[in-house]
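Reminder, nothing fancy here: chain letters follow the sequence lines and each chain counts from 1. Since we're looking at a predicted model, the values are computed, not measured.
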Amino acid sequence: MNYWLMKSEPSVYSIDDLQRDKKWYWDGVRNYQVRNMLRDQMKIGDLAFFYHSNANPTGIAGMIEIASEAYPDHTAFDPKHRYYDPKSDPNNPRWWMVDVKFKQKFSHVMTLAELREHPQLKDLLILRKGNRLSITPLTKVEWQTILKIESAFT
DNA sequence: GCCAACGTTGGC
DNA sequence: GCCAACGTTGGC
């Protein structure tokens with residue numbers, strides 16, 4: 001069982017969209033480091049926080065579950081799609097995606113400033129300067145700390 | 001909108 | 001293989 005944090009711009013796809021859809025595919029990963037984690041380490045049943053980036057407010061908006069093994073990201077094959085990549089060959093796909101399921105929407109968006117207040121989260125990758133990976137792993141302690149912060153609001 | 005940080009591209 | 005130029009991410 002692994003724990004993740006997955007970023008999405010809510011203007012593209014938000015926790016509310018996933019709550020409506022129940023289950024969706026996580027497309028658009030176009031970074032090799034993220035691709036490798038998604039393809040090689042993500043397992044069905046892993047849990048992830050859904051993070052809203054480039055938003056107001058930005059922060060953790062809810063919890064989701066990985067619902068499939070990785071499979072080829074078909075949006076890379078579609079010339080009309082915003083995530084099209086001519087270098088991804090259907091016979092040897094460069095980019096991969098997983099399915100995700102809605103679990104829970106947080107009572108509030110947990111901002112970076114709020115996360116920074118907790119010493120247990122000092123090594124959280126998204127708090128590190130310059131970290132731009134759209135998917136990052138969390139330790140179990142980090143995962144539980146964030147859940148505990150959230151539960152204090154409910 | 002600004003800009004720091006980082007990834008990718010391509011000339012050499 | 002180096003590295004400058006360029007593009008993208010994402011907080012603020």
Can you name the residues that form a side chain to side chain contact (heavy atoms under 4.5 Å, CB included) with A48(A), not counting sequence neighbours? W4(A), M6(A), I64(A)
Which atom pairs, donor and acceptor, lie under 3.5 Å between side-chain atoms of residues 116-135 of chain A and protein residues at least two apart or in another chain?
unit_1, atom_1, unit_2, atom_2, d
R116(A), NH1, L127(A), O, 3.4
N131(A), OD1, L133(A), N, 2.9
N131(A), ND2, L125(A), O, 3.3

Residues at least two apart in sequence or cross-chain that pass side chain to side chain contact (heavy atoms under 4.5 Å, CB included) with K87(A), listed by chain then number, are D85(A), R94(A)
Side chains of T75(A) and R30(A): any donor to acceptor distance under 3.5 Å? yes
Starting from the C-alpha separation in whole Å, work towards a yes-or-no answer on salt bridge (Lys or Arg N to Asp or Glu O under 4.0 Å) for R35(A) and D73(A). CA-CA 10 Å; R35(A) 190 272 318 260; D73(A) 183 340; over 6 Å; no
Does the protein touch nucleotides 5-12 of chain C at the base, only the backbone, or not at all? Give it as B, S and - per nucleotide, heavy atoms under 4.0 Å. --BBBBBS
Taking atom types as modelled, find out whether S14(A) and D17(A) have a side-chain donor-acceptor pair closer than 3.5 angstrom. yes
Among all residues two or more places apart in sequence or in another chain, which pass the ring-ring contact (aromatic ring centres under 6.0 Å, His included) test with H108(A)? F153(A)
By nearest-heavy-atom nucleotide on DNA chain B, the more 5' of R30(A) and K129(A) is K129(A)
When you match G130(A) and K87(A) each to their closest nucleotide on DNA chain B, which lands nearer the 5' end? G130(A)
Can you list, by residue number, the residues of residues 35-42 of chain A that have a non-hydrogen atom closer than 4.0 angstrom to DNA chain C? none
Between Y13(A) and W26(A), does the ring centre distance come in under 6.0 Å? no
